[in-house]
2 protein chains.
Amino acid sequence: MVLTGGIILRAELNSVPMSSSFNILRKTITRFTPFPEEDWEMLLSHLQIKTLKKHDLFAQEGKRANEVAVVFEGMLRQFYLNDGEEKTTYFYFENHLMGAYISCLTGKPSDITIEALSDCTLIVFPYDKVNQLFAESLAWQKFCRYLAEYLAMGLEERMAGLLMLTPEERYRDLIAGNKTKILERIPQHYVANYLGITPVSLSRIRNRVHKK
Amino acid sequence: MVLTGGIILRAELNSVPMSSSFNILRKTITRFTPFPEEDWEMLLSHLQIKTLKKHDLFAQEGKRANEVAVVFEGMLRQFYLNDGEEKTTYFYFENHLMGAYISCLTGKPSDITIEALSDCTLIVFPYDKVNQLFAESLAWQKFCRYLAEYLAMGLEERMAGLLMLTPEERYRDLIAGNKTKILERIPQHYVANYLGITPVSLSRIRNRVHKK
DNA sequence: TCAAAACGATAACAAAAGATAAGAAAAACG
DNA sequence: CGTTTTTCTTATCTTTTGTTATCGTTTTGA
């Protein structure tokens, strides 16, 4: 199973100086679809750098979300509040497109909260403003279409995993697809939520999987 | 939990004569975004009526899919093949947009199969042809964008249910949201797959839920 | 630096789900 | 029709997960 929290925009984004990150974002968009110079200039004028401290919230349940971001540095988690309990359903890492996207789309209060798991640097833009500005831009509509389709594909794959695999299989898939050591830095009970099981159960599965 | 197999285009679609169903499709598209007359004429020329007998396949695992359809009449199920076992993950009913959409988007062989659960009448169009034809149409790009976003929202909701609810809660949600009696006509082991449990387990849950 | 909080492993028990099989009921089909 | 297949329930047994609690360890933050 793949971590489908967000859309990975480009692997090199975090390895270049911040000053050129906007251009890399541009190249990324261009890979999806041609993006005219004047459109880009307009988008650029709305991009901002935003920093979060660990535990800061990027989006909050009950509040209408309007910001969409690219994670330049750091990692975040997305969770639902269920009877006062936090249920982590997503992780966002560097180069992921990130945000309470559904709240942005619908304009309704968000069901989810997004919290920084580490200090983060983000490239942010206001969704409604930019989307209105580009309402008649073919390039922008195509770009957003591809984003949504990409997102749907990731969700579909994740859903298939939840329906068809056992928790142990999901865990094995998760660590198999985890080239980096990034998962090891995430508290295990968050990963357990992500897998749809309890922390205790994940601990047992880890015992089973890693011992032999 | 909601049956998110497809996008419900319009509730009245099946209650009008077939001859005007194309126009209802048009009104539906127009609700998402303005759709110029000439675009519509071009789309119309690619729409076809297709009928399936019960057990016929609309899409097949391993074969590249290219047709997208609106279900005019009937119902279908979508399943994965897992070690020779069929795992039903979706149902499509009247007015749903339906197809092996991911295979259409990627051009790769489909992972899923779509089978008619009853005799069906479909409004079909060839995805790649129409999509190429409308590559530069703002209306079409917007429409496809909204479709993908709608799809992603449904998938997200379903995933949240799978992660956070127990099988019994998922079953309760399913029947609570089932105004029609349509679920009762679907073989229970398909529904069990859809809920991510075994048929035997669903039978026990039904016993628990309905007895008192 | 030190106390408090968070984290992870483990144990014990209860509850639920999976696997399998058997039998009844319903549906499909010639 | 009547036979065959499919579907559903029920029972038994095993495995897994959930729940709760305990106990070191690590991390956090004042």
Side-chain angles (χ1 to χ4, degrees), chain A residues 52-56 74-75 77 79 82-88 91 115-120 161-175 181-212, chain B residues 52-56 74-75 77 79 82-88 91 115-120 161-175 181-212:
Chain A
L52 295 179
K53 291 279 173 199
K54 187 172 180 176
H55 297 309
D56 281 355
M75 56 187 189
R77 74 183 176 106
F79 60 90
N82 221 13
D83 308 318
E85 281 220 67
E86 296 179 358
K87 289 280 191 177
T88 299
F91 300 106
E115 182 202 58
L117 286 173
S118 66
D119 290 356
C120 292
L162 288 170
L163 284 178
M164 299 201 294
L165 303 179
T166 64
E168 180 170 329
E169 288 171 325
R170 292 202 292 276
Y171 176 70
R172 286 180 185 277
D173 280 7
L174 184 66
I175 56 176
K181 301 275 181 185
I182 225 162
L183 270 181
E184 297 171 14
R185 288 191 282 141
I186 297 178
Q188 238 178 72
H189 59 281
Y190 295 157
V191 177
N193 288 164
Y194 179 84
L195 292 170
I197 56 180
T198 61
V200 178
S201 190
L202 177 56
S203 182
R204 281 187 291 230
I205 288 172
R206 281 166 54 84
N207 190 353
R208 280 204 300 270
V209 168
H210 291 128
K211 99 161 96 182
K212 47 157 267 139
Chain B
L52 296 179
K53 291 277 174 202
K54 187 173 179 175
H55 298 308
D56 282 355
M75 56 189 189
R77 73 183 177 107
F79 60 90
N82 222 13
D83 308 318
E85 281 218 68
E86 296 179 358
K87 289 279 190 179
T88 300
F91 300 105
E115 181 202 58
L117 286 173
S118 66
D119 291 357
C120 291
L162 288 169
L163 284 178
M164 301 201 291
L165 303 179
T166 64
E168 181 170 328
E169 288 171 325
R170 293 203 290 276
Y171 175 70
R172 286 179 186 276
D173 279 7
L174 185 65
I175 56 176
K181 301 277 180 183
I182 224 161
L183 270 182
E184 297 171 15
R185 287 191 284 142
I186 297 178
Q188 243 177 68
H189 59 280
Y190 296 156
V191 177
N193 289 164
Y194 179 83
L195 292 171
I197 56 180
T198 62
V200 178
S201 190
L202 177 55
S203 181
R204 281 187 292 229
I205 287 171
R206 281 166 52 83
N207 189 357
R208 280 205 299 272
V209 168
H210 291 127
K211 97 160 100 181
K212 49 162 266 141

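A note on names: the letters A, B, ... follow the listed sequences, proteins ahead of strands, and every chain is numbered from 1.
Note that OG of A:Ser118 and NE2 of A:His55 are 10.0 Å apart. Values are rounded to the nearest 0.5 Å. We find the CD1-CZ distance between A:Ile197 and A:Arg204 to be 9.0 Å, quoted to the nearest 0.5 Å. For the atom pair B:Asp119 CG and B:Lys53 NZ, the distance stands at 5.0 Å (nearest 0.5 Å). Rounding to the nearest 0.5 angstrom, the gap separating the OG1 atom in B:Thr166 from the OH atom in B:Tyr171 is 13.0 Å. Interatomic distance, CG of A:Asp56 versus CG of A:Leu117, reported as 12.0 Å (0.5 Å rounding). Put simply, CG on B:Leu52 and CD on B:Glu115 are 10.0 Å apart, with the number rounded to the nearest 0.5 Å.
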A:Glu86 and A:Arg77: CA distance, side-chain angles, deciding distance, side chain to side chain contact (heavy atoms under 4.5 Å, CB included) verdict: CA-CA 11 Å; A:Glu86 296 179 358; A:Arg77 74 183 176 106; 2.5 Å; yes

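Not counting sequence neighbours, the partners of A:Val191 by the side-chain contact (heavy atoms from CB on, under 4.5 Å) test are A:Phe91, A:Leu174, A:Leu183, A:Ile186, A:Leu195, A:Leu202. For B:Glu168, the side chain to side chain donor-acceptor pair (under 3.5 Å) partners two or more places apart in sequence, or in a different chain, are B:Arg172, B:Arg208.
Taking five base pairs at each end of the helix from C:dT1-D:dA30 to C:dG30-D:dC1 and finding the rotation axis that steps the C1' atoms of four pairs onto the next four gives two axes whose angle is 60°, to the nearest 10°.
Using a 4.5 Å heavy-atom cutoff, the side chains of B:Ser203 and B:Arg206 are not in contact.
Between B:Leu165 and B:Arg170 the shortest heavy-atom distance is O-NH1, 2.8 Å. Here the closest heavy-atom approach between residue A:Thr88 and residue A:Tyr190 is recorded as OG1-CD2, 3.5 Å.
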Determine, for nucleotides 4-21 of chain C in 5'-to-3' order, which nucleotides have protein heavy atoms under 4.0 Å from the base (write B), from only the sugar-phosphate (write S), or from neither (write -). ---SSBBBB----BBBB-

Expected rows: protein N/O vs nucleotides 27-29 of chain C N/O, under 3.5 Å:
| from | atom 1 | to | atom 2 | distance (Å) |
| --- | --- | --- | --- | --- |
| C:dA28 | OP1 | B:Lys54 | NZ | 3.1 |

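When DNA chain D is scanned 5' to 3' for any atom under 4.0 Å from a heavy atom of chain A, the first and last hits are D:dT17 to D:dG29.
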